[in-house]
Amino acid sequence: MRHYTRQDIIRRVEEEDVEFIRLQFTDMFGNFKNMAVTASQLEKVLNNQCVFNGSAIEGFMTMQEPDMFLYPDLDTFEIFPWRPQQGKVARFICDVCRPDGAPFEGDSRHILKKVVQEAKQMGYLFKAGPECEFFLFDLAQDGSVTTETKEKGGFFDVGPVDAGENARREMVLTLEEMNFEVEASYHANAPAQHEIDFKYDGGLATADNLMTFRMAVRTIARRHGLQATFMPKPKSGVDGSGMHLNLSLHNADGANIFSDSSAEHGLSREGVHFIAGLLEHIDAVTAITNPLVNSYKRLVPGYGAPVYVAWSAAANRSALIRTGLKNGRVNRIELRSPDPSANPYLALAVCLAAGLDGIQRRLLPPERVDGNIYEMTEAERREHGIRSLPENLACALDALEADELLRGVLGERLFGSYLAVKRAEWKEYRTTVSEWEVGQYLNRF
């Protein structure tokens, strides 16, 4: 990760002919918000003097509370490659703070920073690497969004079958220009579905990168007349989009503490405890990592997504959690249920907190399951003690509300706001009559 000083920023803005600076922050749903200023206001930005109305952001402040301030993280300074070469546009990712400079407790970036600091106090450096899928759909002639695509590509297909190849190529080149280390990109399972994987990093940097990644992918897609969507399941009958999270802890010397060549299957005791913590809290975690009504239409049997709560070795993709291997050694724990609609700061915060809880309490997971769980009968799954993930958003929210650990991680303000908004979302969905219902029942009853 790059490190910029105040003078570095001033020099780059002058030398690169930057005219506009966007101050970006994230709401509790994982959407980028921003305000823009001209380069003439750079001193004000660097002095943490940019103010906004927090009551206008859902889940932030009430009307009677004071305005909020944006504190730019200098290391996130970036010049957008897709903007004009004269009068360039740059950005900072910002922390949200109160007038006295105290971090706003409802800022999801602050929530992740707190958990990362807790891990550091325990002697651990947290790293994460995402595997993010998305769809590229055609735009209508009037520019409106559709779920239409002319392509028929499948896993690892190439052009001309992979009609999104050129767009994906430009996305990768743009990301590399923004200092991403892209490890792989390819057509995924469903028609018009793609995946771009970038190198793991510290937890906070990874969350920042995911926010930047989604913005860049959407922007480049539009330049190709396409709509990029990170909606988990935009079409019936095909695989949904996941965002597998590869998690690891390292000590002060940089050694991966999940790896122990003398232990069974190369997994250390800390790694076992971390997995146990994730499994202990997974139902509540799912309310954050799979935050939409639509998320649970991906988490169904038959479409490659994890459905059953179990853990296994590297080769078993039917398990919710599996251990990753590199050169024959465990180097990460892969959680396969999250989807790309999640707020990355909150998703990483609750996953890390759950794993640390497992280490602190020395929890032990159930026995590993190395068989194909999808092919087991219901009786066989019961025999192995394998249960399912929450079947809908309401069930996940019930689990979140009952989880005291995650309540403490999220803080009372965000915890209460998130539950209220998501329960309202579920109620609206539950009371809406769908086209499927009309087609099934209107003429029959």
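Index from 1, following the sequence.
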Charged N to carboxylate O under 4.0 angstrom, [X] versus [Y]?
{"X": "Arg298", "Y": "Asp239", "answer": "no"}
{"X": "Arg98", "Y": "Glu105", "answer": "yes"}
{"X": "Asp138", "Y": "Lys150", "answer": "yes"}
{"X": "Asp403", "Y": "Arg407", "answer": "no"}
{"X": "Asp157", "Y": "Lys152", "answer": "no"}

Start with the C-alpha gap between Tyr4 and Arg2, add the side-chain angles, then the distance that decides, and say whether side-chain hydrogen bond (donor to acceptor under 3.5 Å, both in side chains) holds. CA-CA 7 Å; Tyr4 289 126; Arg2 296 161 301 169; 3.1 Å; yes
Polar side-chain atom of Ser144 near backbone of Ala140 as donor-acceptor pair, under 3.5 Å: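 No, Ser144 side chain to Ala140 backbone: no donor-acceptor pair under 3.5 Å.
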So, does Asn53 use its side chain to make a donor-acceptor pair with the main chain of Ser55 at under 3.5 Å?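 It does hold such a pair.
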Among all residues two or more places apart in sequence or in another chain, which pass the side chain to side chain donor-acceptor pair (under 3.5 Å) test with Asn34?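 Per chain and number, Asn34 pairs via side chain to side chain donor-acceptor pair (under 3.5 Å) with Arg22.
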If we count only N and O atoms by modelled type, under 3.5 Å, do the side chains of His250 and Ser248 hold a donor and an acceptor together?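 Short answer, yes.
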Please check if the number of heavy atoms outside Phe137 that lie under 6.0 Å from its CZ is greater than 12. yes
Is the ring pair [X]/[Y] parallel, tilted or perpendicular, if the boundaries are 30 and 60 degrees?
{"X": "Phe198", "Y": "Phe180", "value": "perpendicular"}
{"X": "Trp436", "Y": "Tyr441", "value": "perpendicular"}
{"X": "Tyr186", "Y": "Phe155", "value": "perpendicular"}
{"X": "Tyr429", "Y": "Trp426", "value": "tilted"}
{"X": "Phe25", "Y": "Phe60", "value": "tilted"}

So, taking the atom named CE in Met178 and the one named CG in Asn209, what distance separates them when rounded to the nearest 0.5 Å?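 Reported value, rounded in 0.5 Å steps: 9.5 Å.
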